[in-house]
Every structure is written in structure tokens, then in C-alpha cells.
Q: 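Encoded as C-alpha cells, here's the structure I'll be asking about.
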Amino acid sequence: MTQRTSPPFRADHVGSFLRPPELLTAREKFQNGAITRAELRAVEDKAIRDIVKFQEDLGLQSITDGEFRRTYFHIDFLEQLDGVETRGGITAHFHSKKGEVDFAPPVLHVTARVRHSKPIQLEDFKFLKSVTKRTPKVTIPSPTMLHFRGGRQAISKDAYPNIETFFDEVAAAYRQEIRELASAGCTYLQLDDTNLAYLCDPKLREGARQRGENPDELPRRYARFINAAIAERPPGITICTHLCRGNFRSAWVAEGSYEPVAEVLFNELNVDGYFLEYDDERSGDFAPLRFVPKNKIVVLGLVTTKLGELESKDDLKRRIDEAARYMPLEQMCLSPQCGFSSTVHGNEIAREVQGAKIKLVLETAREVWR
């Protein structure tokens with residue numbers, strides 16, 4: 001068994017990190033008009049240099065900017081597409097070990113034809129690439145994030161009387177963004193997707209039915225949608241998807257086995273790898289991995305970012321062995337189950353826990369894949 005020299009790596013991570021206090025202060029000052037956008041970006045640049053060094057010093061091969069320029073993992077990207085607006089939030093009910101948490105982030109609405117009239121992540125990627133010698137990874141939301149939560153009601157029927165035109169034009173916008181990133185040297189791209197994971201949860205599947213969608217058909221519809229979005233990716237770029245079950249202040253939304261989406265997910269979605277949350281019983285067992293074909297990589301998210309307690313290395317190895325009953329060990333990698341801060345609010349863990357969790361992933365991966 002060998003370590004991997006191309007992404008996803010044996011020890012990898014999802015991407016976001018807790019924002020440092022000085023960055024949070026600068027964001028608040030900017031929102032209050034006390035500093036300019038250029039001044040905020042200078043603070044972001046310094047914070048990103050620091051988080052890059054943090055990742056490199058730990059020994060990670062894939063390096064992100066911590067998502068330090070974002071408020072939400074998805075909204076900051078999607079609202080930069082022409083035709084997309086944010087409006088008042090719909091409350092989502094998150095669950096945590098401490099109890100229920102209600103959170104109402106803004107809802108995305110498609111009010112006009114979707115176009116990619118400007119690069120979105122390009123300058124951020126160029127900066128990241130300039131401050132690391134390792135593999136810079138770009139994380140962007142899956143295109144499905146423009147559809148699932150609001151459904152057809154959040155997509156203008158005047159702009160899109162035919163919903164298939166919506167899917168086609170959003171996919172075209174993504175193809176343009178990916179071309180520009182690849183031209184700038186991006187070789188590792190991650191699509192963050194809550195919706196395929198939400199379709200594992202019986203309650204959320206019922207919610208989709210109530211919005212007029214067929215939850216049995218949506219995984220296949222979304223696979224076609226994502227495939228169209230990445231259809232023209234240049235050679236040399238690895239694209240993975242992260243299936244997130246919700247991540248806000250150490251709370252989550254979805255629960256349930258991957259079984260309802262597994263066959264389509266692994267065999268009809270044309271990505272190279274999958275970051276799967278498997279940190280506790282809410283994700284079900286490893287049996288859905290039996291559908292993984294020989295050309296795909298699964299990154300097992302066995303280390304939680306939601307709790308500060310450190311997992312046992314022996315328990316991680318035992319769980320990797322359990323997963324290996326369903327797919328080959330050489331097709332697996334290891335990571336935390338999610339980012340540490342999918343929103344600017346961050347998970348309820350101590351800052352130093354991030355390093356301990358990543359170090360555990362790195363040490364375990366070195367011992368498992370010698």
C-alpha cells in the first residue's frame with residue numbers, strides 16, 4: 001500500500017477552518033463601514049497566509065484558504081452569478097449533542113436568467129496558489145444548492161418557464177468558472193453538496209415531496225446536473241464532492257444511511273472522489289460502499305469536527321477495516337467529516353483542536369497506508 005501523490009490524498013480535509021478573532025473583527029468593521037473592502041482583503045490575506053502555514057506545518061498535502069473570505073460555504077459564491085439573489089431565511093432545524101438549534105440563513109432565489117459574467121473564485125485561487133508550494137484546493141458549492149432548498153418556487157417561471165433550461169444554464173455557468181480556474185493552474189476542485197446527503201434522510205425526503213419533487217428521482221437528476229457542470233473540465237484537474245449533512249455551530253440537519261442515493265452517487269456521478277461523513281451512527285453503516293466502482297476514491301470522514309474530544313487511533317483503524325469489507329483499502333483515504341467552520345460562526349470547539357484532529361488524521365493515514 002502506498003501514499004497517494006495526487007488528490008485526494010490519503011490524509012485530506014474538507015476545507016474550512018475557524019476564523020481568527022482579528023478576521024472576525026475586520027469583517028464586523030467592514031459591515032459597519034469602518035474599513036474599506038481593500039482593507040478587509042488585506043486582513044484576509046494575512047489570515048490566509050497564516051492558515052496556509054498552519055496546514056503545511058502539520059504536513060497536509062492539500063491546502064485551502066480556510067474559506068476565510070466567505071460568510072457561508074455556498075451563498076458567497078452563488079450570489080455572484082447573474083440572476084441569483086438572496087432573500088430572508090427559512091428556518092432549518094439543526095441537531096446537536098446539546099440539543100436543537102434553529103438557523104435561518106438567507107435563501108437563494110433565481111430571479112432572472114443565470115449567467116457567468118465574471119470570474120468568481122479566480123483571484124482568490126491565484127492568491128492561494130501564490131502562498132503555497134503544495135496542492136491548492138478550491139472548494140465551491142455544488143450547483144444543486146440553487147435548486148433543492150427552495151425548489152421550483154424559488155426559480156422564476158418568467159425567466160425559466162421550462163425548468164430544464166435552468167439546469168442547462170446553471171451548468172454552463174459552472175463550466176465557465178471551472179475553465180477559468182483550470183487555466184490559472186487549479187488541479188483540485190471540491191463541490192460541496194448537502195442535497196445528496198439530505199436525500200438520505202426520511203424527513204427531508206418527505207419535505208422534497210411536499211415541494212413537488214420526487215426524492216427517488218432527484219439523485220439521478222442531480223447527477224446529470226453536476227455531470228453537465230463538470231463536462232468540459234480540462235485534463236489534469238481532479239474533482240471531488242463532499243456530501244455534507246449540515247454544519248452550523250457543531251449541529252447538523254440530516255441523518256440516515258447513504259443507501260437511498262449510493263448506487264447513483266457512485267456510478268452515475270462523474271467525479272473522481274467522494275468525501276463522506278462517517279463520524280457517528282447518524283451516517284449509517286459502510287454497506288453502501290459496495291457500489292463504489294474501481295476507478296473512484298472514497299475519503300472516509302471518520303474524525304468529527306463537531307466535538308472537541310479526540311478520537312482513538314485504534315477505533316479509526318477498526319472502522320477503516322470495517323469499510324474495507326465493502327471496498328478495497330487502496331481506494332480509500334481519511335479526513336475529518338466536515339470543515340471546522342462551514343459558516344463564519346464556526347463549530348463549538350477550541351481553536352487548538354483543529355490541529356489535533358488533523359494531526360490524528362495524518363498519523364493514522366501514515367500507519368494504515370504505509
Q: Checking D192 against C244 for the side-chain contact (heavy atoms from CB on, under 4.5 Å) test, could you report, in this order, the C-alpha distance in whole Å, the side-chain angles of both residues, the deciding distance, and whether it holds?
A: CA-CA 7 Å; D192 292 319; C244 176; over 6 Å; no
Q: Does the pair K126 and E123 meet the rule for a salt bridge (Lys or Arg N to Asp or Glu O under 4.0 Å), with working shown?
A: CA-CA 5 Å; K126 287 180 177 178; E123 291 306 313; 3.6 Å; yes
Q: Taking the basic N atoms (NZ, or NE/NH1/NH2) and the acidic carboxylate oxygens, is any pair closer than 4.0 Å for K46 and D50?
A: yes
Q: Salt-bridge test for R282 and E277: reply yes if a basic N is under 4.0 Å from a carboxylate O, no otherwise.
A: yes
Q: Return the orientation label for the F167 and F225 ring planes: parallel under 30°, perpendicular over 60°, tilted otherwise.
A: perpendicular
Q: Are a donor atom and an acceptor atom from the side chains of Q55 and D57 found within less than 3.5 Å of each other?
A: no
Q: Under a single-linkage definition using a 4.5 Å side-chain heavy-atom cutoff for Ile, Leu, Val, Met, Phe, Trp and Tyr, are V361 and L329 assigned to the same hydrophobic cluster?
A: yes
Q: Check the pair T304, E311 against side chain to side chain donor-acceptor pair (under 3.5 Å), reporting the backbone distance first and the verdict last.
A: CA-CA 8 Å; T304 190; E311 289 81 355; 5.2 Å; no
Q: Taking only Lys NZ, Arg NE, NH1 and NH2, and the carboxylate oxygens of Asp or Glu, determine whether R205 and D216 approach each other closer than 4.0 Å.
A: yes
Q: Would a distance-only check, ignoring hydrogens and angles, find a side-chain to backbone donor-acceptor pair under 3.5 Å from R152 to I155?
A: yes
Q: Distance-only, no hydrogens or angles: does the R175 side chain make a donor-acceptor pair with backbone N or O of A228 under 3.5 Å?
A: yes
Q: I'd like to know if the side chain of E67 pairs up with that of T139 as donor and acceptor (distance under 3.5 Å, no hydrogens or angles considered).
A: yes
Q: Is there a path of hydrophobic side-chain contacts, each under 4.5 Å between heavy atoms, that joins V170 and L196?
A: yes
Q: Keeping the roles fixed (side chain from N267, backbone from F291), state whether a donor-acceptor pair exists under 3.5 Å.
A: yes
Q: Check this for me: does any side-chain nitrogen of one of E213 and R209 sit under 4.0 Å from a carboxylate oxygen of the other?
A: no
Q: Is any side-chain heavy atom of D82 closer than 4.5 Å to a side-chain heavy atom of R113?
A: no
Q: Any donor and acceptor pair, going by atom type alone, linking the side chain of D272 with main-chain N or O of I239 inside 3.5 Å?
A: yes
Q: Under 3.5 Å, is there a donor-acceptor pair between the side chain of R290 and the main chain of A287?
A: yes
Q: Side chains of H147 and F166: closer than 4.5 Å at any heavy-atom pair?
A: yes
Q: Quick check: closest heavy atoms across V264 and A223, and the distance to 0.1 Å?
A: CG1-CB, 4.0 Å
Q: Donor-acceptor pair, distance only, cut-off 3.5 Å: does the side chain of Q331 make one with the backbone of K296?
A: yes
Q: L269 and Y222: side-chain contact (heavy atoms from CB on, under 4.5 Å), yes or no, with the steps?
A: CA-CA 9 Å; L269 184 58; Y222 284 165; over 6 Å; no
Q: Indicate if I297 and L189 have the same hydrophobic cluster label, given that clusters are the connected sets of ILVMFWY residues with side-chain heavy-atom separations under 4.5 angstrom.
A: no
Q: Using a strict threshold of under 4.0 Å (side-chain N to carboxylate O), is an ion pair present between E206 and K203?
A: no
Q: Taking all atoms of both residues into account, what is the closest heavy-atom pair of T86 and P106, and its distance?
A: CB-CB, 3.9 Å
Q: Please name the pair of heavy atoms, one in A154 and one in L108, separated by the smallest distance, quoted to 0.1 Å.
A: CB-O, 3.8 Å
Q: Assess whether side-chain contact (heavy atoms from CB on, under 4.5 Å) is satisfied between V299 and M332, documenting all intermediate values.
A: CA-CA 6 Å; V299 186; M332 297 182 204; over 6 Å; no
Q: What is the ring orientation for Y174 with F77, classed by angle as parallel under 30°, tilted 30 to 60°, or perpendicular over 60°?
A: tilted
Q: Under a plain distance cut-off of 3.5 Å, with no hydrogens placed, do T241 and Q190 share a side-chain donor-acceptor pair?
A: no
Q: Could you tell me the separation between the CD1 atom of I140 and the CG atom of L181, rounded to the nearest 0.5 Å?
A: 7.0 Å
Q: Any side-chain heavy atom of N270 sitting closer than 4.5 Å to one from I226?
A: no
Q: Are L18 and V344 connected in a single hydrophobic cluster, I mean Ile/Leu/Val/Met/Phe/Trp/Tyr linked by side-chain heavy atoms less than 4.5 Å apart?
A: no
Q: Looking only at heavy atoms, what is the nearest atom pair of L60 and A11, with distance?
A: CD2-O, 4.0 Å
Q: Are the ring centres of Y258 and F266 closer than 6.0 Å?
A: no
Q: Given the rule that I, L, V, M, F, W and Y join up when any side-chain heavy atoms are under 4.5 Å apart, are L58 and F68 in one cluster?
A: yes
Q: Using a strict 4.0 Å threshold on nitrogen-to-oxygen distance, state whether D45 and R69 make a salt bridge.
A: yes
Q: Please evaluate residues T71 and R27 with respect to the criterion side chain to side chain donor-acceptor pair (under 3.5 Å), reporting the C-alpha separation (whole Å), side-chain torsions for both, the decisive distance (0.1 Å), and the verdict.
A: CA-CA 9 Å; T71 302; R27 290 178 67 92; 2.3 Å; yes
Q: Does R37 CZ have over 12 foreign heavy atoms under 6.0 Å away?
A: no
Q: Assess the side chains of Y188 and D12: does a donor N or O sit below 3.5 Å from an acceptor N or O?
A: yes
Q: So, the side chain of N227 versus the backbone of E268: is there a donor-acceptor pair under 3.5 Å, distance only?
A: yes
Q: Evaluate E352 against K357 for salt bridge (Lys or Arg N to Asp or Glu O under 4.0 Å), listing each step before the verdict.
A: CA-CA 9 Å; E352 58 270 18; K357 296 271 187 177; over 6 Å; no
Q: So, the side chain of D65 versus the backbone of L128: is there a donor-acceptor pair under 3.5 Å, distance only?
A: no
Q: What residue among K137, K129, R70, R41 forms salt bridge (Lys or Arg N to Asp or Glu O under 4.0 Å) with D124?
A: R41
Q: Are the side chains of L362 and L334 in touch, meaning some heavy atoms are under 4.5 Å apart?
A: no
Q: Salt bridge between E255 and R245, side-chain N to carboxylate O under 4.0 Å?
A: no
Q: How close do V261 and P219 get, heavy atom to heavy atom, and via which atoms?
A: CG1-CG, 3.8 Å
Q: On the 0 to 90° scale, with breaks at 30° and 60°, tag the F148-Y198 ring pair as parallel, tilted or perpendicular.
A: perpendicular
Q: Evaluate E177 against H116 for side chain to side chain donor-acceptor pair (under 3.5 Å), listing each step before the verdict.
A: CA-CA 7 Å; E177 178 73 8; H116 182 278; 2.6 Å; yes
Q: Please determine, by modelled atom types, if T144 and D193 share a side-chain donor-acceptor pair under 3.5 angstrom.
A: yes
Q: I'd like to know whether L300 forms a side-chain contact (heavy atoms from CB on, under 4.5 Å) with R319, so could you lay out the CA-CA distance, the side-chain angles of the two residues, the decisive distance to 0.1 Å, and finally the verdict.
A: CA-CA 9 Å; L300 296 175; R319 298 202 68 208; over 6 Å; no
Q: Quick one: do R224 and E217 satisfy salt bridge (Lys or Arg N to Asp or Glu O under 4.0 Å)? Show the steps, please.
A: CA-CA 11 Å; R224 293 197 302 271; E217 172 56 28; 3.6 Å; yes
Q: Test your reading of the model: is there a side-chain donor-acceptor pair from R134 to the backbone of I63, 3.5 Å cut-off?
A: no
Q: May I ask you to check whether H345 and T343 show a side-chain donor-acceptor distance below 3.5 Å?
A: yes
Q: Taking only residues two or more places apart in sequence or in another chain, which ones pass ring-ring contact (aromatic ring centres under 6.0 Å, His included) with F54?
A: F17
Q: Taking S335 for the side chain and H13 for the main chain, is one N or O donor matched with an acceptor at less than 3.5 Å?
A: no
Q: Would you name the heavy atoms of P288 and S257 that are closest together and state the gap between them?
A: CG-OG, 3.7 Å
Q: Does K313 pair with E367 as a salt bridge, N-O distance under 4.0 Å?
A: yes
